[in-house]
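Below is one structure, written out as structure tokens; the observations come after it.
So you know, we letter chains A, B, ... as the sequences are listed, proteins then strands, and number each from 1. Just so it is clear, the model here is predicted, and its values are computed rather than measured.
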Number of protein chains: 4
Amino acid sequence: MSPRRRDTEGTAAARAERRAELLAAAAEVFASQGYAATTIRQVADAAGILGGSLYYHFDSKESMADEILSTFLNEMWASYERVLASGLDARETMEAIVVESFRSIERHRPAVVLYQNESKHLAAGERFRYLLDSHRRFEAMWTALLDRGVEEGAFRADLDRGLVYRFIRDTVWVAANWYQPAGRLSADDIAKQYLAMVLEGIQATRAT
Amino acid sequence: MSPRRRDTEGTAAARAERRAELLAAAAEVFASQGYAATTIRQVADAAGILGGSLYYHFDSKESMADEILSTFLNEMWASYERVLASGLDARETMEAIVVESFRSIERHRPAVVLYQNESKHLAAGERFRYLLDSHRRFEAMWTALLDRGVEEGAFRADLDRGLVYRFIRDTVWVAANWYQPAGRLSADDIAKQYLAMVLEGIQATRAT
Amino acid sequence: MSPRRRDTEGTAAARAERRAELLAAAAEVFASQGYAATTIRQVADAAGILGGSLYYHFDSKESMADEILSTFLNEMWASYERVLASGLDARETMEAIVVESFRSIERHRPAVVLYQNESKHLAAGERFRYLLDSHRRFEAMWTALLDRGVEEGAFRADLDRGLVYRFIRDTVWVAANWYQPAGRLSADDIAKQYLAMVLEGIQATRAT
Amino acid sequence: MSPRRRDTEGTAAARAERRAELLAAAAEVFASQGYAATTIRQVADAAGILGGSLYYHFDSKESMADEILSTFLNEMWASYERVLASGLDARETMEAIVVESFRSIERHRPAVVLYQNESKHLAAGERFRYLLDSHRRFEAMWTALLDRGVEEGAFRADLDRGLVYRFIRDTVWVAANWYQPAGRLSADDIAKQYLAMVLEGIQATRAT
DNA sequence: CATGAATGAGCTTTCATTCAT
DNA sequence: AATGAATGAAAGCTCATTCAT
């Protein structure tokens with residue numbers, strides 16, 4: 001490995017790091033103001049540079065959103081794949097997936113908010129087709145998981161599967177809107193309580 | 001009733017009706033494109049008139065959102081008040097409130113989507129302070145209801161109350177994003193399934 | 001004179017009267033807000049009707065200004081002609097013209113303000129060419145009068161004639177901006193004081 | 001002075017100079033077309049840039065007018081203060097103030113025209129309150145000066161003081177409407193003739 | 001005569017984007 | 001890398017004007 005090569009790597013790494021910083025700032029602003037309502041200047045202000053300077057790093061506002069979302073989704077799917085590959089039964093798989101989801105929110109809260117609030121609108125553009133793909137894949141995963149759970153006798157059979165799917169999907173991700181990393185509950189705490197609610201319900205169990 | 005009176009009423013009613021039509025069109029577009037991303041021309045196109053003509057009826061884009069949201073919230077709270085005044089126990093009250101919520105979604109789907117997706121951003125403006133008020137009132141109502149349910153022995157006591165509140169709040173309203181009036185399930189069907197999930201959980205009951 | 005004829009006259013007179021009322025309202029608003037900054041709705045509000053209704057009486061906003069200005073100028077020139085035809089010497093003529101000018105202001109204050117403030121801008125349009133004509137005629141009249149006064153030994157010969165002309169022209173008309181018909185001084189009072197200043201100056205005469 | 005400091009100053013100075021250029025162009029157009037009748041595009045055209053570009057330098061059309069007027073008024077009052085502080089008698093003070101006024105017109109003709117024609121309308125807005133303040137201050141200065149002149153035996157006592165004030169105020173400033181820097185007469189020439197007229201009057205002195 | 005809904009051109013302003021420095 | 005001035009398209013909004021009633 002030549003010194004030249006090393007320099008280039010160093011530079012490339014530095015550049016990647018700067019991009020990550022800027023994207024973090026952008027994600028925060030996009031999440032709190034909404035993507036369309038956020039101006040490039042607001043992003044730049046949050047990053048401590050001027051508007052024009054962002055274009056040295058990124059092609060466009062859209063490409064920032066793109067990179068924020070795809071980074072998050074890639075990581076999320078990687079964690080899901082790990083769970084799905086570990087041979088757990090349906091009930092255990094569901095628990096693990098939910099735990100991973102709340103951990104995703106913990107690590108990528110602004111990206112998740114962006115995903116939750118804007119993916120429907122962004123998905124219209126060609127470059128965001130992967131959002132639809134991810135959506136379909138998500139639905140397929142959960143649908144299969146719920147079916148398997150019913151087969152395995154873990155989940156009730158008398159509920160509308162589509163409804164249960166939407167119910168779980170929405171409640172998990174919508175939590176990103178109020179989750180505060182510094183708050184009282186950790187992501188794992190929330191996951192545990194959430195699973196308790198979803199699996200056992202909130203009504204008091206009849207005294208047996 | 002004099003003819004004069006009749007005329008005046010007719011004109012006022014006609015005007016109110018036209019406003020309602022235009023607001024329905026606006027709500028639809030705001031809901032599907034997002035408020036900030038929607039142009040006044042898109043609203044006007046949806047209403048079949050020209051952009052400038054909307055300003056004969058409304059002061060601004062913002063005042064359209066205002067009227068859409070306040071109309072919806074007023075009606076929603078009226079229905080909640082009816083439930084709360086009818087002397088039901090906590091469990092019954094919860095069921096009735098959930099049913100009313102899904103009926104609200106059925107009648108005002110675009111307004112609910114707007115509320116769900118944009119109220120956080122809009123609430124920054126002075127004129128939308130009532131959104132925060134409504135939010136607080138909503139939280140107070142549910143918190144009191146959940147506490148009463150625990151006291152009455154209807155709801156489990158081992159769950160985090162704040163978490164349960166958010167869980168219920170989000171899952172009810174987020175449904176507006178996918179609800180289709182013409183779909184397979186009626187609002188009351190969805191409410192019933194939703195209550196089954198939330199109250200009893202989705203896991204299969206232990207072998208009897 | 002047939003009854004028919006009488007009716008028509010009555011109608012025409014009524015129409016003319018209505019026009020005059022509306023023009024008076026328009027002139028007032030044009031004068032206080034400025035022509036360009038005045039909306040047709042403001043004029044209509046001042047007249048107690050709706051914006052669209054003005055177009056039954058007038059072709060356009062411009063034609064209102066046109067009629068206001070030409071009515072005023074016609075009357076003003078008629079009064080000037082009367083003075084000029086009465087065989088007075090230069091000094092007497094000047095006094096009479098100034099008196100007539102302040103009386104014009106008294107009768108047509110808003111029109112004079114409009115003339116003073118907007119004629120320069122309006123004169124760009126073809127239909128307002130008469131404003132330029134009036135302006136030239138005004139200049140010719142005063143220039144001739146001042147020259148005659150010098151010849152007759154009534155006016156000083158050591159002043160720049162062009163400057164004196166502008167001085168007189170401006171000070172007379174600019175008074176319309178502050179003149180209040182209900183004020184302390186009548187038009188004739190003002191004319192008298194004004195003439196004293198212009199003719200004799202404001203400095204105390206050296207003790208003789 | 002460090003190079004760093006120099007750079008900063010250079011940049012700030014360059015920016016101020018650009019603003020001044022753009023304001024000069026704006027003032028010219030405002031003065032010739034009228035403020036309300038001038039479009040931002042006309043200003044931009046006069047400055048050789050595009051309409052949107054003006055907003056890099058200024059917040060709004062209004063803020064351009066604001067800066068034009070306040071710059072002019074500040075300079076004018078500074079020159080007046082210099083005169084008032086120099087211990088002249090009333091007659092000399094008046095002469096000096098008039099001279100300074102015509103010099104103000106010479107240096108800021110478009111600003112003076114704007115002031116003359118639009119300040120009444122603009123003063124309605126909160127941000128232009130200083131126009132009213134300046135107006136009151138102007139009146140107080142002249143009123144006091146005229147009174148002092150009467151006391152000192154320099155000015156006639158038989159004229160209405162309010163009228164004399166308006167007479168002088170208007171005739172001085174209205175000159176901005178026709179003054180041409182490249183014309184036959186310099187500002188000081190005009191001031192001299194103006195003072196001759198106002199002080200001594202235009203009538204021929206009776207041969208003694 | 002007057003209304004009131006609608007038109008459509010044009011306005012001020014915003015903002016993503018470019019580019020010479 | 002970053003600046004900052006400029007671009008230019010498009011936004012929200014205004015308003016003179018029209019016209020069926």
Name the closest nucleotide to the [X] side chain, picking from [options].
{"X": "B:Tyr56", "options": "E:dC1, E:dA6, F:dG4", "answer": "E:dA6"}
{"X": "A:Tyr55", "options": "E:dT13, F:dA16, E:dA16", "answer": "E:dA16"}
{"X": "A:Ile49", "options": "E:dT13, F:dA16, F:dT3", "answer": "F:dT3"}
{"X": "D:Thr39", "options": "E:dT18, F:dA16, E:dT12", "answer": "E:dT12"}
{"X": "A:Leu50", "options": "F:dA11, F:dG4, E:dA5", "answer": "F:dG4"}
{"X": "D:Ser60", "options": "E:dT18, E:dA6, E:dT13", "answer": "E:dT13"}

Grab the two heavy atoms, one from D:Ala111 and one from D:Ile68, that are nearest each other, plus how far apart they are.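 Scanning both residues, the minimum pair turns out to be CB-CG2, 3.7 Å.
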If only atom types and distance count, is the side chain of A:Glu118 paired as donor or acceptor with the main-chain N or O of A:Tyr115 below 3.5 Å?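 No: the side chain of A:Glu118 does not pair with the backbone of A:Tyr115.
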Look at the side chain of D:Arg19 and the backbone N and O of D:His57, then say whether any donor-acceptor pair between them is shorter than 3.5 Å.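 Checked: pair present.
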Over how many whole Å does the gap from [X] atom [atom1] to [N] atom [atom2] extend?
{"X": "A:Asp45", "N": "F:dA2", "atom1": "CG", "atom2": "P", "result": "15 Å"}
{"X": "C:Lys61", "N": "F:dT17", "atom1": "NZ", "atom2": "C1'", "result": "12 Å"}
{"X": "A:Ile40", "N": "F:dA9", "atom1": "CD1", "atom2": "C1'", "result": "16 Å"}
{"X": "B:Arg41", "N": "E:dT7", "atom1": "CZ", "atom2": "C1'", "result": "13 Å"}
{"X": "C:Phe58", "N": "F:dC15", "atom1": "CZ", "atom2": "P", "result": "21 Å"}
{"X": "B:His57", "N": "E:dT3", "atom1": "NE2", "atom2": "C1'", "result": "14 Å"}

With both pairing distances under 3.5 angstrom for Watson-Crick or G-U wobble, and | for a partner in another strand, the correct string for DNA chain F is .||||||||||||||||||||
Do C:Asp66 and C:Tyr130 have side-chain N/O donor and acceptor atoms under 3.5 Å apart? yes
Scan A:Thr38 against the nucleic acid and name what it touches under 4.0 Å (heavy atoms): base, sugar-phosphate only, or nothing. sugar-phosphate
May I ask you to establish whether A:Lys61 and A:Tyr55 are in a cation-pi arrangement, using a distance under 6.0 Å from NZ or CZ to the six-membered ring centre and at most 45° from the ring axis? no
Is it true that atom CZ of C:Arg129 has more than 12 heavy atoms of other residues, nucleotides or ligands lying nearer than 6.0 Å? no
Using a cut-off of 6.0 Å, state whether more than 12 heavy atoms not belonging to B:Arg127 lie near its atom CZ.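 Enclosed: over 12 neighbouring heavy atoms sit under 6.0 Å from CZ of B:Arg127.
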Among D:Val29, D:Ile40, D:Leu69, D:Asp59, find the one that has a side-chain contact (heavy atoms from CB on, under 4.5 Å) with D:Met64.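 It is D:Ile40; the other options fail the test.
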Comparing B:Leu54 with D:Tyr35, nearest DNA chain E nucleotide closer to 5' gives the residue B:Leu54
Nearest-nucleotide 5' precedence on DNA chain E, C:Ser53 against B:Gly48: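 It is C:Ser53 whose nearest nucleotide is closer to the 5' end.
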Where do C:Leu22 and C:Val43 land on the side chain to side chain contact (heavy atoms under 4.5 Å, CB included) test, with the steps shown first? CA-CA 8 Å; C:Leu22 297 173; C:Val43 172; over 6 Å; no
Within residues 16-32 of chain C, find the residues that approach DNA chain E with a heavy atom at under 4.0 Å, and present them sorted by residue number.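 Residues of residues 16-32 of chain C under 4.0 Å from DNA chain E: C:Arg18.
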Any A:Glu62 side-chain heavy atom under 4.5 Å of A:Phe128 side chain: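 With C-beta onward as the side chain, the pair touches.
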